[in-house]
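Everything on this sheet refers to the single structure shown next.
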Number of protein chains: 2
Amino acid sequence: MASIKVKNDGPASPRKRAANGAGAASMKAKPAAGEADKPPAKPKARTTGKGRPLTRIQREKQDIILEAALDVFSVYGFRGSTIDQIAEVAGMSKPNLLYYFPRKEDIHRRLISELLVTWLEPLRDIDADGDPIPEIRSYIRRKIEMARDFPRESRLFANEMLQGAPHIIDMIEVDLKNLVDEKAKVLEGWMDTGKIARTDPYHLIFSIWATTQHYADFDVQVRAVLGRDRGGEGRFEDAARYLEQLFMTGVLMPKKRA
Amino acid sequence: MASIKVKNDGPASPRKRAANGAGAASMKAKPAAGEADKPPAKPKARTTGKGRPLTRIQREKQDIILEAALDVFSVYGFRGSTIDQIAEVAGMSKPNLLYYFPRKEDIHRRLISELLVTWLEPLRDIDADGDPIPEIRSYIRRKIEMARDFPRESRLFANEMLQGAPHIIDMIEVDLKNLVDEKAKVLEGWMDTGKIARTDPYHLIFSIWATTQHYADFDVQVRAVLGRDRGGEGRFEDAARYLEQLFMTGVLMPKKRA
DNA sequence: AAGAATTTTGACCAGTTGGAAAAATGTTAG
DNA sequence: CTAACATTTTTCCAACTGGTCAAAATTCTT
């Protein structure tokens, strides 16, 4: 128990799925693994950021790396993760990995910026012209599904936040703020028409983020507390049901009518 | 922006209050800084864990270190933090720090175990014989206050969770689970008597944790989104007010009666 | 003030880390 | 087949890491 050997310190070392060929790093739809490997075209690496089209092979390798990096970064954060670790999970040598991403920061930046886009999609999708309550309910549902299906992305984000969002603070302050401002206005509009209860739209959004992401970020705790019987896959369903009630009617005041 | 010099990487480097004499490391009531320095008694260090009484000077130094370590660990996590960093924040040399805590892990362990005790106090304090709704409301209020007053402790905890709670998994699985089980039963009892709405007690507790700790763990985000006008100290008051409404009546269904 | 105990420091170490260079090994177009 | 390019591996390095140790400085006791 007291045998931290500097390398591979925590019990939760990410070494699960190692470099599964076409592992998708981001949350985009998986490529439906069935296409045969077409002979790779001219790559021309070392100029990744320049203008070259980027061959399929390169893209695949990068995906493997990003996938591995997500495993590692999402657990240990940027500073707590090492290139060696990522390389090992990705199943390649460190210099080979550095051939695709010249510096550690590059991998992280890619991960983070790709994340931010997809992470906010559900919020962006809230339709001002839709039916208020169904819109919000489906938003909550989608966020819970993301916590279930993309916990690593959630943790990567959480790690970044805990550190003060050093790499994305400007995006947070501009893009995210603008988006939330916009949606807050939508919510206020709905409140004005009496379609939903009047409340603080910002804190409403915060509480949806908090409650849903909790199931990804604090997964260990959730499972431990729920125990063997209730900690299985069904926990997300239970959570969704509970959150429905929480946001719809609250969970403290007993029902007025029997 | 791309000038990570390996040392001091993130913008949010903790270097705020450096070793303020009697900085209290844990959340216990501050010693009401007024007592004159009584002449320190015989310390006898290097045997910290043994049986010696531990002089006041030693306790003060350890507090300074723990305070600094909390600054650092809460941001970068265990692996992402370095002894040098902590020593610098604590305003002492690394060997000097190691004189008080022979290994990095020792500091972290102390921090974590002290944390766990106080962190759960509010939950522990929920009184089965109290008035249900006030009990829960004051629980929520206390948790929000903790997020405001002890954000570093919250982040330290969050960091640990994100990594799979490697250092406290057994405490989580036993002590925490037992406590939550107990309080869940209390809640269920209240539901049985119709004092509060019937709902899932475990997820109710999760949602309180999530919503309150969010204001500490995702503080950067919260402040950025709220902007200059609303992101000030008042945000915790607003949050408390909002959460009150959320848990009491929900925030979606418009009020039945005008 | 002297001796004893404690605290602090400076030098040092072995292992790790991010990364560079270049040689070695594919791969492919002609 | 071979030149030209892409990829991978080997070797290497300087800075950083957690930690040791003995000497020096300080503090305490008497």
Side-chain angles (χ1 to χ4, degrees), chain A residues 2-9 19 37-48 50 52-62 64-65 69 72-73 76-88 90-108, chain B residues 2-9 19 37-48 52-62 64-65 69 72-73 76-88 90-109:
Chain A
S3 71
I4 281 194
K5 274 288 297 283
V6 176
K7 191 166 195 175
N8 181 19
D9 115 81
D37 303 50
K38 283 197 287 281
K42 234 176 270 183
K44 189 68 175 180
R46 203 60 99 173
T47 52
T48 300
K50 257 320 164 54
R52 278 354 165 288
L54 206 34
T55 78
R56 214 190 68 173
I57 284 193
Q58 283 178 316
R59 239 179 295 125
E60 282 181 7
K61 286 276 181 166
Q62 289 192 358
I64 292 176
I65 294 171
V72 179
F73 280 139
Y76 297 109
F78 182 75
R79 291 196 33 172
S81 304
T82 70
I83 300 185
D84 295 87
Q85 223 181 146
I86 298 170
E88 196 193 326
M92 63 179 74
S93 68
K94 176 172 62 172
N96 194 189
L97 181 151
L98 285 168
Y99 170 72
Y100 290 101
F101 292 90
R103 22 203 81 248
K104 184 185 176 186
E105 221 196 325
D106 297 339
I107 314 178
H108 192 255
Chain B
S3 71
I4 281 195
K5 273 290 295 291
V6 175
K7 192 166 195 174
N8 181 17
D9 114 82
D37 301 51
K38 284 197 288 277
K42 234 176 273 182
K44 189 68 176 182
R46 204 58 102 172
T47 51
T48 300
R52 276 358 163 288
L54 207 33
T55 78
R56 217 188 69 176
I57 284 192
Q58 284 177 316
R59 238 179 295 123
E60 282 181 7
K61 286 278 180 165
Q62 290 191 358
I64 292 175
I65 294 171
V72 178
F73 281 140
Y76 297 109
F78 182 76
R79 291 195 34 169
S81 304
T82 70
I83 299 184
D84 295 89
Q85 224 181 147
I86 297 170
E88 196 192 328
M92 62 179 71
S93 68
K94 178 171 60 171
N96 194 189
L97 180 150
L98 285 167
Y99 170 72
Y100 290 100
F101 293 91
R103 22 203 85 245
K104 184 184 176 186
E105 221 197 327
D106 297 339
I107 315 177
H108 192 254
R109 203 201 313 282

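Just so we're on the same page: letters track the sequence lines, and every chain starts at 1. Side chains are part of it too, since the values below use all heavy atoms of this structure and drop only hydrogens, waters and symmetry mates. Values in this document were obtained by computation on a predicted structure and should not be read as measured data.
Across the protein-nucleic acid pair, L98(A) atom CG and dA21(C) atom P stand 13 Å apart, rounded to whole Å.
When each of dT9(D), dT7(C), dA11(C) is scored by its nearest atom to the side-chain atoms of P95(A), the top-ranked nucleotide is dT9(D). Side-chain atoms of D84(A) lie closest to dT17(C) of the nucleotides dT20(D), dT8(D), dT17(C). With dT17(C), dT7(C), dG18(D) as the candidates, the nucleotide lying closest to the side chain of I83(B) is dG18(D). Side chain of S93(A), nearest nucleotide from dT9(D), dG19(C), dT8(C): dT9(D).
In this structure, R103(A) does not reach the dG18(C) phosphate: none of its side-chain N or O atoms is under 4.0 Å from OP1 or OP2. Neither OP1 nor OP2 of dT17(D) sits under 4.0 Å from any side-chain N or O of R79(B). Between N96(A) and dT7(D) there is no side-chain N or O to OP1 or OP2 distance below 4.0 Å. Side-chain nitrogen and oxygen atoms of Q58(B) include at least one within less than 4.0 Å of the OP1 or OP2 phosphate oxygen of dT7(C). A sub-4.0 Å separation between OP1 or OP2 of dT8(D) and a side-chain N or O of Y99(A) is absent. Under 4.0 angstrom from either OP1 or OP2 of dT9(D) there lies no side-chain N or O belonging to K94(A).
Taking the six-membered ring for Trp and thresholds of 30 and 60 degrees, F73(A) and F78(A) have nearly parallel ring planes, at less than 30 degrees apart.
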- Item | Derivation of the side chain to side chain contact (heavy atoms under 4.5 Å, CB included) call for Y99(A) and K61(A) | CA-CA 11 Å; Y99(A) 170 72; K61(A) 286 276 181 166; over 6 Å; no
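Counting heavy atoms from C-beta outward, D106(A) and R103(A) have side chains that approach closer than 4.5 Å.
Note: K104(A) NZ to R79(A) CZ = 8.5 Å, rounded to the nearest 0.5 Å.
Heavy atoms only, all atoms of each residue included: I65(B) and I86(B) are closest at O-CG2, 4.2 Å.
Rounded to 10 degrees, the angle between the two end axes of the helix from dA1(C)-dT30(D) to dG30(C)-dC1(D) is 10°, with five pairs used at each end.
Heavy atoms of T82(A) sit under 4.0 angstrom from primed sugar atoms or phosphate atoms, though from no base atom.
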